[in-house]
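Numbers here are sequence positions counted from 1. Every number for a ligand or one of its atoms is a count from 1 in the order of the listing.
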Amino acid sequence: MGKLIVGNWKMNGLGPALVEAQAVAAGLGGLPGDRLGNSGVRVGLCPPATLVERLARCLAGSSVLVGGQDCHAEASGAFTGDVSAEMLSEAGAVLVILGHSERRSGYGETDALVASKVEAALRAGLEPIICVGETLAEREAGRAVAVVSTQVRGSLPQVLAGRPFALAYEPVWAIGTGLTPTTAQIEEIHAAVRAEMSAVLGAPGAQAPILYGGSVKPGNAAEILSVSEVGGALVGGASLKSADFLGIIAGAG
Ligand code: 13P
């Protein structure tokens, strides 16, 4: 199955940043047809909520998918400052990142809350990208597999079975640090995540891609993407510059 490469712009990007997204779309068009055609790489960009609609408009007709970075579990209501899955969908999003570690640690998001947001995403027809990952302290205590397995079990609602979604393994200590796990460490966690997904969802859990995220760059993308059970990448900083993001996408072909 083709890889899924998604850029997470986090809280970065004003109007002028749209040119980077347009350059990504143009760059994809410029890749040899067999790279995208036969390998079937899917590419997405998740800008801040304020840019979702404009990005969707300027990428209309391109192969780049647009996504949100979070959503509320409810469709509407008295939730000042929040955005619902339905609102993201209306704005042109087809993807939504949920349970990112910056939301788990900064906003106290629990596995149960993440699971309710996943249900909301499905309700609105969005494809959720559900994030899990251990802290450095948890890894050093030998608990990485246990922590990530628990997050997967708690964050995946049963209704996901048979619906399109992706899981993203993002070790907290690798995010924005330039550090990456060894390929053996990535392989170990991805195998554990796969086993847990299959245990929770049955056969459909064996199919959804498991992305790796955390300091993915053009220089390490091809190696990471070749690891067993790595079905793509979730890219932060390097997705802000079209040349870097295209370099990562080239590593997925
Ligand atoms: P970096 O690629 O900047 O390390 O961020 C990873 C991430 O958090 C993507 O969601």
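- When each of Ile97, Leu167, Leu98 is tested with Pro128 by the rule side chain to side chain contact (heavy atoms under 4.5 Å, CB included), just one qualifies, namely Leu98.
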Identify all N/O pairs between ligand 1 and the protein with a separation under 3.5 Å and present them as a table of atom names and distances.
unit_1, atom_1, unit_2, atom_2, d
ligand 1, 2 (O), Gly236, N, 2.9
ligand 1, 3 (O), Gly237, N, 2.8
ligand 1, 4 (O), Gly176, N, 2.7
ligand 1, 4 (O), Ser215, N, 2.8
ligand 1, 5 (O), Lys10, NZ, 3.4
ligand 1, 8 (O), Lys10, NZ, 2.8
ligand 1, 8 (O), His100, NE2, 2.8
ligand 1, 10 (O), Asn8, ND2, 3.0
ligand 1, 10 (O), His100, NE2, 2.9
ligand 1, 10 (O), Glu170, OE1, 3.1
ligand 1, 10 (O), Glu170, OE2, 2.9

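- Between Arg42 and Glu127 there is a salt bridge, with a side-chain nitrogen of the basic residue lying less than 4.0 Å from a carboxylate oxygen of the acidic one.
- For Ala161, the side chain to side chain contact (heavy atoms under 4.5 Å, CB included) criterion is met by Leu201, Pro204, not counting sequence neighbours.
- For the side chain to side chain contact (heavy atoms under 4.5 Å, CB included) test, residues two or more places apart in sequence or in another chain that qualify with Ala17 are Trp9.
- Atom NZ of Lys241 has 12 or fewer heavy atoms from other residues, nucleotides or ligands within 6.0 Å.
- Under the rule for a side chain to side chain contact (heavy atoms under 4.5 Å, CB included), the partners of Ser149 that lie at least two apart in sequence or sit in another chain are Val145, Arg153, Ala192, Glu196.
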